[in-house]
Undergrad: 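Shown below is the structure under consideration.
Chain naming here is simple, since letters A, B, ... match the order of the sequence lines and numbering starts at 1 in each.
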Number of protein chains: 2
Amino acid sequence: MITLRQLQCFAAVAECLHFRRAAERINISQPALSAQISQLEESLGVLLLERTRRRVLLTPIGRDLAERANDILKSVSDLEEFAHGARTPLSGTLRLGVLRTLGPYLLPHFLPEMRRRHPDLKLYLREDPDDRLLDELTSGQLDLILMASAPRNDDHLTVVPLFREPLWAVLPLGHRLAAKDSLAQADLAGESLILLEFGDGLREPVLALCHAAGSREHADFRATSLDSLRQMVATGLGATCLPALYVDAEALADEQIVVRPFDAPAPARSIDLVWRRTSARSPEFRLFAELVASHLPTVVTPL
Amino acid sequence: MITLRQLQCFAAVAECLHFRRAAERINISQPALSAQISQLEESLGVLLLERTRRRVLLTPIGRDLAERANDILKSVSDLEEFAHGARTPLSGTLRLGVLRTLGPYLLPHFLPEMRRRHPDLKLYLREDPDDRLLDELTSGQLDLILMASAPRNDDHLTVVPLFREPLWAVLPLGHRLAAKDSLAQADLAGESLILLEFGDGLREPVLALCHAAGSREHADFRATSLDSLRQMVATGLGATCLPALYVDAEALADEQIVVRPFDAPAPARSIDLVWRRTSARSPEFRLFAELVASHLPTVVTPL
DNA sequence: TGAAGCTGATAGCTTCAGCCTATCATTGTT
DNA sequence: AACAATGATAGGCTGAAGCTATCAGCTTCA
């Protein structure tokens with residue numbers, strides 16, 4: 001195996017065409033440089049330099065190889081510079097997983113500021129159900145995830161609570177509860193609520209609400225996205241609960257539905273930032289958490 | 001400075017995500033590999049791997065660097081392979097200098113065969129006057145030159161005589177000598193011959209011929225190329241002598257002029273192949289010489 | 001719950017690659 | 001003929017890189 005040292009020495013000689021000057025340039029003695037060149041020629045099985053006692057010339061092969069050597073040395077120095085630059089926090093590539101019911105409504109609040117403060121950060125975003133997110137985090141396919149109610153009993157994970165996101169009641173036009181400005185949970189007694197599938201961090205808190213309020217899940221329909229849920233409500237299929245960030249971003253402007261807050265204590269889901277405890281970039285991830293926390297809209301409750 | 005060994009070790013671990021298997025793959029012990037990785041992380045100032053006792057993951061930076069490391073290793077292995085392949089004779093790039101009055105008429109005779117037998121040889125061609133060719137050869141800008149009457153007293157050079165190229169008399173239509181099938185040198189007595197400038201290996205032998213035959217250089221005209229020389233003769237400006245390869249390739253078909261050979265011993269120029277004695281590729285150059293010599297047309301005399 | 005089996009890290013030792021200084025051998029210059 | 005410059009060689013030292021043996025943390029399974 002040839003070494004970078006050999007290539008470095010060779011590149012120096014190829015440029016200076018003079019052993020002593022080349023040796024001086026890379027701060028070694030002339031014999032040491034001679035030895036490196038000899039070894040390179042030996043292991044390549046090719047004469048790179050044409051030595052007259054009086055001067056040095058590159059052989060034809062030497063010319064080609066000198067060019068390649070310089071390219072390689074440049075790549076190495078790029079790599080080193082890249083690694084050095086990567087020590088600045090929140091730069092490089094970060095693979096962030098996020099719930100489908102959360103990402104599109106939360107990220108716009110902090111991504112512009114993130115880009116402003118950490119222009120070298122490249123975010124790879126992946127939306128998945130919570131179980132998949134956890135799998136991908138622990139298997140190393142993701143570095144960081146945003147999810148609801150992250151598991152607290154797994155000491156491989158670091159979980160940073162970010163905020164509580166309240167749920168809002170979403171009713172068809174002309175619903176009996178639409179007349180009230182805000183609802184108590186008990187107002188939903190007897191209602192059939194349309195729920196999401198598992199995995200988006202919403203089904204569970206709404207089911208809990210049902211249990212507490214004495215309502216139940218709509219028997220015939222189960223939605224697969226917040227938008228379809230909203231549209232199902234708009235067609236009069238029934239009522240539901242939607243998270244505050246989505247309501248704020250999408251539902252308030254929809255005149256086909258009625259949106260009402262709950263009285264305190266409002267039902268809510270908890271959003272956490274999670275990473276592997278062993279991750280080398282924990283400090284950066286805490287920075288990430290702080291940045292997200294400081295750019296939350298007023299519809300959610302910081303923790 | 002990081003080393004290729006470190007990159008190689010890192011690339012192996014990045015692929016296997018397992019120290020022992022990676023160590024086995026590159027045939028070192030696991031502790032040795034651990035040490036290499038540690039040193040790489042140390043010198044880059046960056047954690048590349050996330051070590052759980054149970055398994056290994058790449059950090060985000062590690063992923064980027066692994067890709068770069070693989071690129072670099074690939075370049076190195078390409079370089080090695082290139083150098084290895086370059087040991088086959090007459091491959092790679094060869095910078096050949098040649099006289100302007102020779103190249104276009106000689107090269108077509110052997111270049112096709114050269115390409116067939118040595119498909120990996122890339123020829124860089126340069127046409128120049130003889131003094132410039134010698135300068136460029138000794139300064140290392142050329143590897144090999146084809147010229148006339150190369151200097152025999154310079155023991156920095158290896159000179160291989162290739163062939164003698166006879167000169168032919170070239171006359172305007174209706175010239176008094178056009179009636180003869182072939183000329184004796186003395187037939188030119190009293191003629192004014194149009195000559196080339198210095199440097200193309202033709203002026204000197206024709207001047208010698210003038211001296212021997214009792215003719216002289218045309219006082220008013222001196223040509224700068226064989227084609228212009230031919231055209232000057234065609235307009236009746238005077239007679240001249242042109243080399244056999246040119247005559248064979250270009251002048252025989254020209255009906256505006258008359259071309260006549262000389263009786264033996266015909267005036268001629270000697271063509272040599274020349275390289276620096278110190279050149280590492282001397283054996284290949286001898287091969288080159290043989291190939292050229294074995295593809296000469298019958299109009300020249302092999303040596 | 002405790003033993004067994006992985007994992008990567010560490011310790012102690014050996015070898016050899018890489019470097020230095022000093023000097024040689026060749027060649028071109030004065 | 002003496003001198004200067006250049007790359008190669010010799011001898012000796014240091015430290016990097018490798019090995020074997022072992023440790024320490026974790027998982028698995030009886």
Side-chain angles (χ1 to χ4, degrees), chain A residues 1-10 12-44 47-59 62 138-140 153-157 276-280, chain B residues 1-10 12-44 47-59 62 138-140 153-157 276-280:
Chain A
M1 183 82 169
I2 66 177
T3 70
L4 286 178
R5 192 94 184 115
Q6 290 167 359
L7 292 184
Q8 187 190 15
C9 289
F10 174 52
V13 175
E15 187 173 352
C16 299
L17 293 178
H18 194 286
F19 273 61
R20 284 178 197 279
R21 278 194 285 278
E24 190 171 357
R25 159 176 307 201
I26 57 179
N27 294 312
I28 63 171
S29 69
Q30 171 264 315
L33 182 137
S34 281
Q36 291 288 340
I37 300 290
S38 297
Q39 286 172 15
L40 182 59
E41 289 181 326
E42 170 73 19
S43 60
L44 290 182
L47 282 178
L48 302 170
L49 297 172
E50 189 178 319
R51 283 99 152 159
T52 319
R53 295 278 170 196
R54 207 57 191 172
R55 71 207 172 122
V56 174
L57 287 176
L58 285 171
T59 61
T138 52
S139 73
N153 53 354
D154 188 339
D155 60 0
H156 295 87
L157 300 180
R276 292 181 301 278
R277 192 177 48 78
T278 52
S279 172
Chain B
M1 183 83 168
I2 65 178
T3 70
L4 286 178
R5 192 94 184 114
Q6 289 166 1
L7 293 184
Q8 187 189 15
C9 290
F10 175 51
V13 175
E15 187 173 350
C16 300
L17 293 179
H18 192 287
F19 273 63
R20 284 178 195 279
R21 277 194 286 276
E24 190 172 355
R25 158 176 308 202
I26 57 179
N27 296 312
I28 63 172
S29 68
Q30 170 264 315
L33 182 137
S34 280
Q36 290 289 340
I37 299 292
S38 297
Q39 284 171 16
L40 182 59
E41 288 181 328
E42 171 73 18
S43 60
L44 290 181
L47 282 179
L48 302 170
L49 296 171
E50 191 178 318
R51 284 102 150 156
T52 319
R53 293 280 169 194
R54 205 59 193 167
R55 71 207 171 123
V56 174
L57 287 176
L58 285 170
T59 62
T138 52
S139 72
N153 53 355
D154 187 339
D155 60 0
H156 294 89
L157 301 180
R276 292 182 302 278
R277 190 179 49 77
T278 52
S279 172

Undergrad: Under a 4.0 Å heavy-atom cut-off, which of residues 20-41 of chain B touch DNA chain C?
TA: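 By residue number: B:Arg20, B:Gln30, B:Pro31, B:Ser34.
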Undergrad: When B:Phe10 is tested against each of B:Leu33, B:Leu40, B:Leu44 for side chain to side chain contact (heavy atoms under 4.5 Å, CB included), which residue passes?
TA: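 With B:Phe10 as partner, B:Leu33, B:Leu40, B:Leu44 yield a single side chain to side chain contact (heavy atoms under 4.5 Å, CB included), made by B:Leu40.
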Undergrad: Tell me, please, which residues at least two apart from B:Arg25 pass salt bridge (charged side-chain N to carboxylate O under 4.0 Å, His left out).
TA: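 Checked B:Arg25 against salt bridge (charged side-chain N to carboxylate O under 4.0 Å, His left out); matches are B:Glu15.
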Undergrad: Would you say the side chain of A:Gln39 lies within less than 4.5 Å of the side chain of A:Gln6, judging by non-hydrogen atoms?
TA: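 A:Gln6 vs A:Gln39: side chains touch.
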Undergrad: Residues in side-chain hydrogen bond (donor to acceptor under 3.5 Å, both in side chains) with A:Gln30, at least two apart?
TA: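 Testing A:Gln30 for side-chain hydrogen bond (donor to acceptor under 3.5 Å, both in side chains), a comparison that skips the adjacent residues, returns A:Ser34.
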Undergrad: So which one's nearest nucleotide on DNA chain D is more toward 5', B:Gln6 or A:Leu17?
TA: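 It is A:Leu17 whose nearest nucleotide is closer to the 5' end.
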Undergrad: How do B:Arg277 and B:Phe19 order along DNA chain C: which one's closest nucleotide is nearer the 5' end?
TA: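 Comparing both residues, the 5'-ward one is B:Phe19.
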Undergrad: Looking at D:dA30, which nucleotide sits across from it as a Watson-Crick or G-U wobble partner, both distances under 3.5 angstrom, or is there none?
TA: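 For D:dA30, the partner nucleotide comes out as C:dT1, under the 3.5 Å rule.
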Undergrad: How many Å lie between CG on A:Leu58 and P on D:dG7, as a whole number?
TA: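 Computing the A:Leu58:CG to D:dG7:P distance gives 13 Å.
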Undergrad: Counting only N and O atoms by type, is there a donor-acceptor contact under 3.5 Å from the side chain of A:Thr59 to the main-chain atoms of A:Leu47?
TA: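 Yes, A:Thr59 side chain to A:Leu47 backbone: donor-acceptor pair under 3.5 Å.
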Undergrad: Could you tell me whether the side chain of B:Glu41 and the main chain of B:Leu49 form a donor-acceptor pair under 3.5 Å?
TA: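 Yes; at least one donor-acceptor contact below 3.5 Å.
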Undergrad: Looking at A:Arg5, does any N or O in its side chain come under 4.0 Å of the phosphate oxygens OP1/OP2 on C:dC19?
TA: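 Checking A:Arg5 against C:dC19: at least one side-chain N or O falls below 4.0 Å of OP1 or OP2.
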